[in-house]
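Down below is the structure, laid out as structure tokens.
We name chains A, B, ... by the order of the sequence lines, and we start the count at 1 in each one. Just so it is clear, the model here is predicted, and its values are computed rather than measured.
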Amino acid sequence: MQLLSGNEAIAQGAWEAGARIGVGYPGTPSTETMESFGAKENVYAEWCANEKVAVEVAVGASAAGARVLATMKHVGVNVAADPLYTAAYTGVNGGLVVLAADDPGMHSSQNEQDTRFHAQGAHIPVVEPSDSAEAREYTMQAFEASERFDIPFFVRSTVRVSHAKSPVEVGERVERDLIPYEKDPSKWVMMPAYAKPRRTSLDARIAQVAQWAETSPLNRLELNDTSIGVICAGASYQYVRDALPNASILKLGITWPIATGLIAKLANHVDALYVVEEGSDYLSMQVKATSVTVSEPPAHALPKEGELTPGIIRSAFGLALPEELPTQQDVPGRPPALCAGCPHRLVFKELSRAKCIVTGDIGCYTLGALPPLAGMDSTLDMGASISMAHGFELALAGTEHHPVVAVIGDSTFGHSGFTSLLSTAYNKGAGTICILDNRTTGMTGHQGNPFNGITLQNRPSRELDLEGMVRSLGISDVQVVNPNNMKDVRAAIKGATSRTEELSVIIFRSPCVLLKKVFERQAPYTITSDCRACGVCVTLGCPAIARIEETGEACIDPDQCVGCGQCQAYCGFGAIVRMEGALR
Amino acid sequence: MSVYSDGATTVLLAGVGGQGTILAADLLAKTAISNGLQVKLSEIHGMAQRGGSVTTVVRLGEQVHSMVCDRGSADYLLCFEATEALRNLPFLAQNGKLLVNDVSIKPLPVLTGKASMPKRVHERLGEYNAQLVDANKHAREAGSLKCANVVLLGALAANMPFSMESWEEQIRLKVPPKTIDMNIDAFHRGVQSVASEANRS
């Protein structure tokens, strides 16, 4: 018995099922799955540049006869959608399972989306565990079913499955020989002549999966009280059991295709049938399409946005809720912030100071959008900073406007920023691109990426030449700048944004302050009596610097200060000095 | 005691990213499992960890369904920071137990002068019978501020039915070998801080 997160349990299931290859791109809440898989014996695992690449590698490995696991978060499924939609046509050779980890409640994401809509669109069956033990079991079943029905399978989890831990009985790995690859263009070459028959085959294969769904133990009918019947899946199932302990439940472990016979069976057993799901209306639409009557909860509808809890379900069904203590109105918000010593801080400070239009991207540096830095105008998706900046430039051409600057991290640049820059360069775009190269993938917990030369399993690799790649696109205005030096950052931004006729790239390179103990032996800074309470240093948004409420003067918390010295350059009165002899 | 129909006990751990709530939650979960209980532990990380508010839910009992905590439903609210205690008060069940690390960490809007810290924090927490623990002081005495989370775990353990040996066993298995003695010491300082508080009242 082991206490495993849902992510670790999926990795365990894949390993036990004999998967020998794992591919993915890190994204919360999916990341630990591939990290955990890659740490196991007799497997090869890698971080791919993005999710599309990962799925294509996975389809190749499957064609060659290996069982393969691909992992990504929900928005990554969008990136991988192109190969996924055709992979259902080709089908598999070795079992192919894709983890899609959804994030209802948007704990760490830019949107809420329900992967099951993609599954339906792409014709890829979905299994959906509701705890860690099921996460292991369902993953193993998905590998079996993938090979049996010749189709990739999704394992769909949500944050409360991926990041919840519960006990799991683990088993031994079953090693599997490669299933021999045989050349067969009618299966693997999806040009119209071959794709058309494969579409017919796809429908037949899905019909078989639908039949399997009616009898598979992954779908479970729990017949109790006849007054209330609930159809649910995933984490919602656990909440329903707590909120409505007497209800009859159809717990769907396979959420596409749907087991219409089981739904009819439940509908016949109960007076009123409800669907309980979070974040979307996918499941209720599926159930309604089977022509059974779905009722609205008696007190009020369930929210379509965010996560559910047992209490939200009880409330919708008009059941009593526990009394709660009053909300304390004066508690200040505690938004996440760029770390003390973060090498991105001064870039945002200077972009803000220069009144640039800043198109941002996905990563912890998105926090540069928050006050007091407020140095970012937009965040859309991976790679969007560069393409959106191009759009801004096109629309604003011929007008008086603030400089347009795109800001993107190294890992995100590798993911999809490079193609955006390729496109912008080819189309003779203008503007400035800042690549914030902190030598890692910061937000998801310091994974390797193409530019830091660290692979998932720490195998020998190469550190790709970022400047060389940028120059290879024909961009000659490329410079590398230390972002901890205020004067250099200011000069680089001023210079690059004044050269308005061409594209310029500034690579701000300094390691993530959490990655290496960059300032390990640096004494902290402190505020002297020269402080004039001007407040400039606190506008850096450094968690170590505070403004004393009564006097307006600044103070530095020596426990938090890492000694980076970024703030010192901003003090016009020389009041920020290093605490001599106070090494941390 | 539980307000949930599965009858499980709900512990909500609340703090600031980086304070070690997840390690404390993990030790609690493993101790409960070693005592023959079912457990679910739910944590949120990712962007929230960078100095933001974090909460972890541990639910333990003969059978455990959901892995989240509703308002009015936490049997124990273990707070690693006083402002987070106030923020999470609505989650505490009637008759629930409130344990608070007596330390304040200013969030960014306060540091920049855009917001203020709440007033009369001790008094207000006292209204809900909070037990205050000076975990940072005890942790420093044990050897490192880093084990303040284990001090708080000790304060929680003093309120729970598991033997001291079963807690110690899980600490030994989990923390780096060099820090075992320090963490066991920190744990017992936490246990005793609550015991001595109880003796005074």
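Proximity to chain B (any heavy atom under 4.5 Å) is restricted, for A/Leu514, to the side chain, taken from C-beta onward. Contact of A/Pro371 with chain B is made through the backbone alone, with heavy-atom distances under 4.5 Å. Using a 4.5 Å cut-off between heavy atoms, B/Glu127 makes no contact with chain A at all. Of the atoms belonging to A/Ser109, not a single heavy atom falls under 4.5 Å from chain B. Within the 4.5 angstrom heavy-atom criterion, only side-chain atoms of B/Leu108, from C-beta onward, approach chain A. Within the 4.5 angstrom heavy-atom criterion, no atom of A/Ala554 approaches chain B. Only the side chain of B/Tyr128 comes within contact range of chain A, with heavy atoms under 4.5 Å apart. A/Cys537 does not touch chain B: none of its heavy atoms, backbone or side chain, sits under 4.5 Å away.
Scanning for side-chain hydrogen bond (donor to acceptor under 3.5 Å, both in side chains) contacts around B/Thr56 gives an empty result, with sequence neighbours left out. Shown here are the ring pair (Phe, Tyr, Trp, His ring centres under 6.0 Å) partners of A/Tyr365, two or more places apart in sequence or in another chain: A/His344.
Ranked by heavy-atom pairs shorter than 4.5 Å toward chain B, the options A/Gly333, A/Ser162, A/Cys339, A/Gly552 are led by A/Gly333. Ranking B/Gly113, B/Ala25, B/Ser116, B/Cys69 against chain A, the residue ahead of the rest is B/Ser116, based on heavy-atom pairs under 4.5 Å. Comparing A/Met1, A/Glu323, A/Arg547 by how many heavy-atom pairs each has under 4.5 Å with chain B, the most go to A/Glu323. With chain A as partner, the option from B/Val110, B/Val58, B/Ile105 having the largest number of non-hydrogen pairs under 4.5 angstrom is B/Ile105. Between chain B and the residues A/Pro167, A/Pro543, A/Pro310, the most heavy-atom pairs under 4.5 angstrom are made by A/Pro310. Chosen from B/Thr112, B/Leu41, B/Val39, the residue pairing most often with chain A at heavy-atom distances under 4.5 Å is B/Leu41. Of the listed residues (B/Pro109, B/Ala115, B/Ser42, B/Pro107), the one with the most heavy-atom contacts under 4.5 Å to chain A is B/Pro107.
A donor-acceptor distance shorter than 3.5 angstrom exists from the side chain of B/Ser5 to the backbone of A/Asp242, with no hydrogens or angles considered.
For the atom pair CD1 of B/Ile33 and CD of A/Gln2, the computed distance is 10.5 Å after rounding to the nearest 0.5 Å. Taken from CD in B/Gln94 to CG in A/Leu325, the straight-line distance is 6.0 Å, to the nearest 0.5 Å. To the nearest 0.5 Å, the span separating OH on A/Tyr237 from NE2 on B/His65 amounts to 6.5 Å. A/Asp131 contributes atom CG, which lies 12.0 Å from atom OG of B/Ser66 (distance to the nearest 0.5 angstrom). Rounding to the nearest 0.5 angstrom, the gap separating the OG1 atom in A/Thr309 from the CG atom in B/Asp70 is 3.0 Å.
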Between A/Arg334 and B/Thr83, does the side-chain contact (heavy atoms from CB on, under 4.5 Å) criterion hold? Intermediate values first, please.
CA-CA 10 Å; A/Arg334 192 184 295 277; B/Thr83 316; 3.7 Å; yes
Kindly determine whether B/Arg124 and A/Gln328 satisfy side chain to side chain donor-acceptor pair (under 3.5 Å), including the steps that lead there.
CA-CA 10 Å; B/Arg124 286 156 67 184; A/Gln328 309 291 304; 3.0 Å; yes
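Side chains of A/Arg314 and B/Tyr4 form no contact here, defined as non-hydrogen atoms less than 4.5 Å apart. Inter-residue side-chain proximity for A/Arg160 and B/Val68 is flagged as met; some heavy-atom pair is nearer than 4.5 Å. The closest side-chain heavy-atom distance from A/Lys165 to B/Met67 is not below 4.5 Å. In this structure the side chain of B/Pro118 reaches within 4.5 angstrom of the side chain of A/Pro332, judged on heavy atoms. Looking only at side-chain heavy atoms (C-beta outward), A/Thr327 and B/Leu89 stay at 4.5 Å or farther from each other. For the pair B/Lys40 and A/Gln238, the minimum side-chain heavy-atom distance is below 4.5 Å. Side chains of B/Met117 and A/Glu549 form no contact here, defined as non-hydrogen atoms less than 4.5 Å apart. No side-chain heavy atom of B/Leu111 sits less than 4.5 Å from a side-chain heavy atom of A/Val538.
Closest non-hydrogen pair, B/Pro90 versus A/Pro326, comes out as CG-O, 4.0 Å.
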Validation: residues 142-150 of chain B side-chain donor-acceptor distances under 3.5 Å, sequence neighbours left out:
| from | atom 1 | to | atom 2 | distance (Å) |
| --- | --- | --- | --- | --- |
| B/Ser144 | OG | B/Lys146 | N | 3.0 |
| B/Asn149 | ND2 | B/Gly20 | O | 3.1 |

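Scanning residues 169-183 of chain B against chain A with a 4.5 Å heavy-atom cutoff picks out nothing at all.
Salt-bridge formation is not detected for the pair A/Asp557/B/Lys106: no Lys NZ or Arg NE/NH1/NH2 atom is positioned less than 4.0 Å from an Asp or Glu carboxylate oxygen.
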